[in-house]
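The block underneath contains the structure these notes are about, expressed in C-alpha cells.
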Amino acid sequence: MSTPQPIAALLRQPAFGLFARAVLTLPYWASGIAKLTNLPGALAEAGHFGLNPAGLVVAATILVQLGGSILLILGRLSWLAAGALATFTALATVIAHPFWTVEDSMARFHATNTFLEHIGLIGGFMLAAALVEKERTGR
C-alpha cells in the first residue's frame, strides 16, 4: 500500500522535519533550560549520581543538551549533534536506569521499560541524522 498523497506531501515538507526534530529533542532542550535556570538542582543531581566534578559535568551536560538540540533542529552538523545526544543518552541511561540492579520485579519492569525507551531515542537520533543528510544531499 502506498502512502496517501496528503500524508506524503506533509512528510516532504521541510517544516515537518524541523518540527519532528524539535519534538525528538524536547526532553533534552527542556532539561538543558531547567538546568540553566536551577543550577543548584543540576549540581545536586550530578552529585546524586556521583558525577564529579559536578560543575564540569553540569556544564558539559547543558552544552550537549542545548547545543546538540539546536544543531539537530536546525539541521546543522546533524551527524555531530545526533552523535553527541545519542552518546549522552547512552551514558545517562546506564548511569540513571540500571534496571539490572533493581530487586523488586515491578520496579525492575518499569526501569527496564525506561531503559529501552532511552535506547529508542538513540535510534531516533540515528534516523534524524540520516534524514537530514538525505535532505542535504538530495539523495
Side-chain angles (χ1 to χ4, degrees):
M1 172 185 221
S2 63
T3 306
Q5 199 285 324
I7 293 174
L10 175 65
L11 293 173
R12 287 192 295 270
Q13 294 298 314
F16 184 84
L18 181 81
F19 180 70
R21 293 188 303 273
V23 170
L24 175 63
T25 58
L26 171 63
Y28 300 87
W29 55 262
S31 177
I33 292 169
K35 284 174 177 56
L36 271 177
T37 59
N38 182 7
L39 284 173
L43 292 167
E45 180 183 39
H48 169 78
F49 289 111
L51 303 172
N52 291 304
L56 183 60
V57 170
V58 169
T61 298
I62 292 169
L63 176 67
V64 169
Q65 288 182 321
L66 293 180
S69 294
I70 291 166
L71 286 173
L72 188 59
I73 291 167
L74 298 177
R76 305 284 184 244
L77 297 173
S78 296
W79 61 271
L80 178 62
L85 289 166
T87 300
F88 169 81
T89 301
L91 293 171
T93 301
V94 169
I95 291 167
H97 304 288
F99 66 89
W100 54 91
T101 66
V102 178
E103 297 285 330
D104 178 72
S105 63
M106 182 61 78
R108 186 174 48 256
F109 174 80
H110 289 292
T112 302
N113 282 340
T114 300
F115 186 93
L116 294 174
E117 288 167 358
H118 284 77
I119 301 305
L121 283 168
I122 293 170
F125 291 130
M126 295 164 66
L127 186 56
L131 290 172
V132 169
E133 181 65 14
K134 185 175 181 179
E135 288 173 13
R136 191 183 69 74
T137 60
R139 297 194 227 164

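- Remark: Phe99 pairs with Phe115 by the ring pair (Phe, Tyr, Trp, His ring centres under 6.0 Å) rule, at least two apart or across chains.
- Taking CZ of Phe16 as the start and CZ of Arg21 as the end, the distance is 11.0 Å to the nearest 0.5 Å.
- Cluster annotation: Leu116 is connected to Trp100 through the hydrophobic network of ILVMFWY side chains, with a link wherever side-chain heavy atoms come within less than 4.5 Å.
- Residues Leu10 and Thr3 form no side-chain contact, since every pair of their non-hydrogen atoms from C-beta on lies 4.5 Å or further apart.
- Counting all heavy atoms, side chain and backbone alike, Ile95 lies closest to Pro98 at O-CD, 3.7 Å.
- Taking hydrophobic clusters as Ile, Leu, Val, Met, Phe, Trp and Tyr residues chained together by side-chain heavy-atom distances below 4.5 Å, Leu71 does not share a cluster with Ile73.
- Atom OG1 of Thr112 and atom CD of Glu117 lie 11.0 Å apart (nearest 0.5 Å).
- With Arg108 contributing its side chain and Glu103 its backbone, the two residues share a donor-acceptor pair below 3.5 Å.
- A donor-acceptor contact shorter than 3.5 Å links the side chain of Trp29 to the backbone of Ala22.
- The two residues Ala111 and Val102 have their closest heavy-atom pair at CB-CG2, 4.1 Å.
- There is a path of hydrophobic side-chain contacts, each under 4.5 Å, that joins Val57 to Phe49.
- The line from CD1 of Ile119 to OG1 of Thr114 is 11.5 Å long, rounded to the nearest 0.5 Å.
- In plain terms, the two heavy atoms of Ser69 and Leu85 that are nearest each other are N-CD1, 3.8 Å.
- Counting heavy atoms from C-beta on, the side chains of Phe88 and Phe125 never come closer than 4.5 Å.
- Inter-residue side-chain proximity for Thr61 and Leu51 is flagged as unmet; no heavy-atom pair is nearer than 4.5 Å.
- No chain of hydrophobic side-chain contacts below 4.5 Å, direct or via other Ile, Leu, Val, Met, Phe, Trp or Tyr residues, connects Leu74 to Ile33.
- Considering OG1 of Thr89 and CD of Gln65, their distance stands at 8.5 Å, rounded to 0.5 Å.
- Annotation for Leu72 and Ala81: closest pair N-CB, 3.7 Å, computed over non-hydrogen atoms.
- With hydrophobic clusters built from ILVMFWY side chains whose heavy atoms lie under 4.5 angstrom apart, Ile70 does not share a cluster with Phe19.
- One finds the CD atom of Glu135 at 12.5 Å from the CZ atom of Arg12 (value rounded to the nearest 0.5 Å).
- Side chains of Ile122 and Thr93 form no contact here, defined as non-hydrogen atoms less than 4.5 Å apart.
- Residues Ala46 and Ala54 come closest through the heavy atom pair CB-CB, 4.0 Å.
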